[in-house]
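Report on the structure given below.
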Protein chains: 2
Amino acid sequence: MKNDPFRASFDSLEEFADMVSEVLHCPITIEDANHRLLAYSTHDDRTDPARIATIIGRRVPEKVINSLWKEGVIPSLLNSRDPIRVKTVDEIGLGNRVAVSIWKNDEVLGFIWALEIEKTLGEEEMNCLKQAADATKNKLIQLQNRKNKKEEQFQEFFWQLLTSHLSTNEEIINKFHALQISPPSSFAVAVFQFSKELGRDDEKHIAYLLKTIQMPKILLHTIDHQQLVLFISLDGIQKPVNKLNAFCELFVAKMKERFGIDSIVQGYSSVYSDLGKVEKSYKEARTVLSVKRKFPREAKEIHGYQSLGIYKYIDVLIEKSGTDQNENYSLKKLQEYDKKNNTDLVETLEVFLNHDSNVHEAANQLNVHTNTLNYRLKRISEIGEINLKDPNQKITLYLDLKLEKFK
Amino acid sequence: MKNDPFRASFDSLEEFADMVSEVLHCPITIEDANHRLLAYSTHDDRTDPARIATIIGRRVPEKVINSLWKEGVIPSLLNSRDPIRVKTVDEIGLGNRVAVSIWKNDEVLGFIWALEIEKTLGEEEMNCLKQAADATKNKLIQLQNRKNKKEEQFQEFFWQLLTSHLSTNEEIINKFHALQISPPSSFAVAVFQFSKELGRDDEKHIAYLLKTIQMPKILLHTIDHQQLVLFISLDGIQKPVNKLNAFCELFVAKMKERFGIDSIVQGYSSVYSDLGKVEKSYKEARTVLSVKRKFPREAKEIHGYQSLGIYKYIDVLIEKSGTDQNENYSLKKLQEYDKKNNTDLVETLEVFLNHDSNVHEAANQLNVHTNTLNYRLKRISEIGEINLKDPNQKITLYLDLKLEKFK
DNA sequence: ACTCAATTTGTGAAATTACACAAAACGTTC
DNA sequence: GAACGTTTTGTGTAATTTCACAAATTGAGT
């Protein structure tokens, strides 16, 4: 290049940011591929709320990232090596700015942002920004290598936790500190099951998504065949279960929305404080997935082990009813009647029980008149010799219906 | 004795009954200790409905026996060797009569009844009746010996059935025929648990009671330590489960009422047709007893294996929750709250669930205002983070409450 | 004794449910 | 297609439940 202002070497990214800032006369921010702040210029104090928030939190706020995805800015940056202009988005305090992605071969390593506070960058300056991006490349590669090495250590540690390879809690805590993670005082393990083996690209997408979600904090993550396993800190979260649920649904939604990755099934463990229980948590999360495999419809909305309810017991119940082979007398009668008379008493009963014995709701779901349902219930209790006011009987029917479904 | 009209030997009891009838000028009936008809006089055709029913059915009708117990007649006969006069009881078609018991040492072998249709027996005739009783003694002892031998065969056969010692159904049916019992087309096994080891007297009382109950038919019975085991035919009974339930309660009530034997626990199996399933039935009946031992309060009214409901699964559930040691999060929260604030939320929840979520009934049992209960339920769902409209959650709580109870 | 929050009880209106009855629809059998 | 029993739906009323709100009670802490 004939006129590259950034040929000179530089020691730190901060120094470099200031240099670019001086050339372009606007504040500069450099981020990694996961939108973590790497450096920002300080010689210019004009700025906007989004930049302040980024600098304070050492990362781009989640809502800003969301907005940039929605506006198509990030997809463009990931597709093109040219600078892209972003219009003001007032709601999130984002002023006009220009961004460019930093590339190594076919991979994006990070981004440079230039705020257009008072002036708009011309074509030449845009070009200059592109050159700046090229100049940071090597620095970012170094950083990435360092990070990869650390990442490997994380992986190894996480698998040790998941398999209870570390015996004492002290040992675990030491290891946490060694990796510069503060051990969580309460945590959970989540597992996401994908519909295909996860490739390198998927891994990157996942890592990206996990890094940009700020709460809850994903301390460790790893991928095993079709499963993504997360170790989640719940420190300082008031309603951990709510949060976990929201997170699980959010993650799945974003994976689909941003990367078109579909049909992910999620499961997470109870909340524990004892770091020796990571393996147990892992098992719990996988139990949730296993229940969802067996009962796709009924367990669709259940993600947490806590919420499994009766399905916590489903395995032993299946086993027991298999060995004893005791069909439920009432169900047998109803099934016989259904077959003979072309009726749907069994289904009716199940819907009724699913809706907590609420005639109105059940009738709605069945698309029949309330009185019809009442009539059927009367027949059901006659034919099946069931007392629908007896919780023991109802619960047994509920369980046996679910069990039957599995066979 | 100076003047015994019955010194002469006689061939059959029938002949003897006629002889006595002629001496006393009134119809005579002879029964064994279990009120089965042994013989009756025919030379006199004056009679009353109770006697006709006895002769037709070859046994004294149950309601007549009941009445005689209530009037104190049978207890007196079992206590005294003297003839006893019975006043007319119109409701059961019983005319005036005199009865005397037949003794061998301290044991009653049977009874002789003399109807006072037109005349009343004088003292001399009463004495004569007593002599007649003495004269039948030897004949009855013979009968009893024969019966005892048969009884032993029954016992052996029953234990073979209970332990699945006979392999093919054909074998079983042949054995039934050999013992002159017609194999039932449907049956059940019932077990009664007594609070003490059963002695010879108890056995007799039990045998007596079983013989006098006409429906359902007890084909076989045996005693094992503190347990009475029955093999019950359900042929020709429309609502077998109802009948069994009624029978179990009746048996316990009568044992107490007549013999003062208390705190009997009853359990019976499902109804089966396959005679190869006697052992399974026996196990089922014992399972009921075992549940009642573990859950005396909740299973008090449950006698049938069919009605066990969730308690059918209780063993595996206990085991599962033991190995996993997963306390229910909601219950834990509620227990903590109860302890801290001196409240009864857990109990409230249980009563509520026991009453099928019926606020009114539950409030009644708890002796609080309906609104109080509603308030508590609201607190319960807040504190325990429970959705009381979700059947899965409710069922889980129900199960976990019962499980907790067991610990 | 006072304060405070939590709990209990009372009241009444609105919503929901239970139930009886009649009419209509449906499917089967002859 | 007529006759039959079963099922579905509509209507109306009585009973019950739900819910909000106010008042009274409790009990622990100061």
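Quick note on labels: first sequence line is chain A, next is B, and so on, each numbered from 1.
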Q: Return the minimal non-hydrogen interatomic distance between Asn169(B) and Leu275(B), and the atom names on each side.
A: ND2-N, 4.0 Å
Find the distance [X]:[atom1] to [N]:[atom2] and express it as a whole number of Å.
| X | N | atom1 | atom2 | result |
| --- | --- | --- | --- | --- |
| Asn374(B) | dT11(C) | CG | P | 17 Å |
| His355(B) | dT17(D) | NE2 | C1' | 17 Å |
| Leu377(A) | dC19(C) | CG | P | 11 Å |
| Asp356(A) | dT17(D) | CG | P | 15 Å |
| Leu388(A) | dA18(C) | CG | C1' | 14 Å |
| Leu366(A) | dT8(D) | CG | P | 10 Å |

Q. At under 4.0 Å between heavy atoms, what does Asn367(B) touch on the DNA or RNA strands: base, sugar-phosphate, or nothing?
A. nothing
Q: May I ask you to check if Lys402(A) and Tyr398(A) form a cation-pi contact, with NZ or CZ under 6.0 angstrom from the six-membered ring centre and within 45° of the axis?
A: yes
(Q) Could you check whether Lys294(A) makes a cation-pi contact with Phe406(A), meaning its NZ or CZ is under 6.0 Å from the centre of the six-membered ring and within 45° of the ring axis? (A) yes
Check ion pair [X]-[Y] (N to O, under 4.0 angstrom):
| X | Y | result |
| --- | --- | --- |
| Lys405(B) | Glu350(B) | yes |
| Asp390(B) | Lys394(B) | no |
| Arg379(A) | Glu382(A) | yes |

Show the distances under 3.5 angstrom between N or O atoms of the protein and N or O atoms of nucleotides 5-7 of chain D.
unit_1	atom_1	unit_2	atom_2	d
dT7(D)	OP1	Tyr337(A)	OH	2.5
dT7(D)	OP2	Tyr375(A)	OH	2.8
dT7(D)	OP2	Arg379(A)	NH1	2.5

Between the protein and nucleotides 10-15 of chain D, which nitrogen or oxygen pairs come in under 3.5 angstrom?
unit_1	atom_1	unit_2	atom_2	d
dG10(D)	N7	Asn371(A)	ND2	3.3
dG10(D)	O6	Asn371(A)	ND2	2.9
dT11(D)	O4	Asn371(A)	ND2	2.7

Q.
Looking only at the side chains, is there a donor atom on one of Glu284(B) and Tyr272(B) sitting less than 3.5 Å from an acceptor on the other?
A. yes
Q) Are any of the side-chain heavy atoms of Val278(A) and Phe187(A) separated by less than 4.5 Å? A) yes
Q) Would one find more than 12 heavy atoms of other residues, nucleotides or ligands at under 6.0 Å from atom NZ of Lys254(A)? A) yes
Q: Decide if the gap between the ring center of Tyr268(B) and the ring center of Tyr305(B) is smaller than 6.0 angstrom.
A: no
Q: Check the angle between the aromatic planes of Tyr311(A) and Phe295(A) and answer parallel, tilted or perpendicular using the 30° and 60° thresholds.
A: tilted
Q: By nearest nucleotide on DNA chain C, pick out whichever of Val368(B) and Lys378(A) is the more 5' one.
A: Val368(B)
Q | His360(B) vs Asn342(B), nearer the 5' end of DNA chain D by closest nucleotide | A | His360(B)
Q. Given axes from five pairs at either end, by how many degrees does the helix from dA1(C)-dT30(D) to dC30(C)-dG1(D) bend, rounded to 10°?
A. 40°
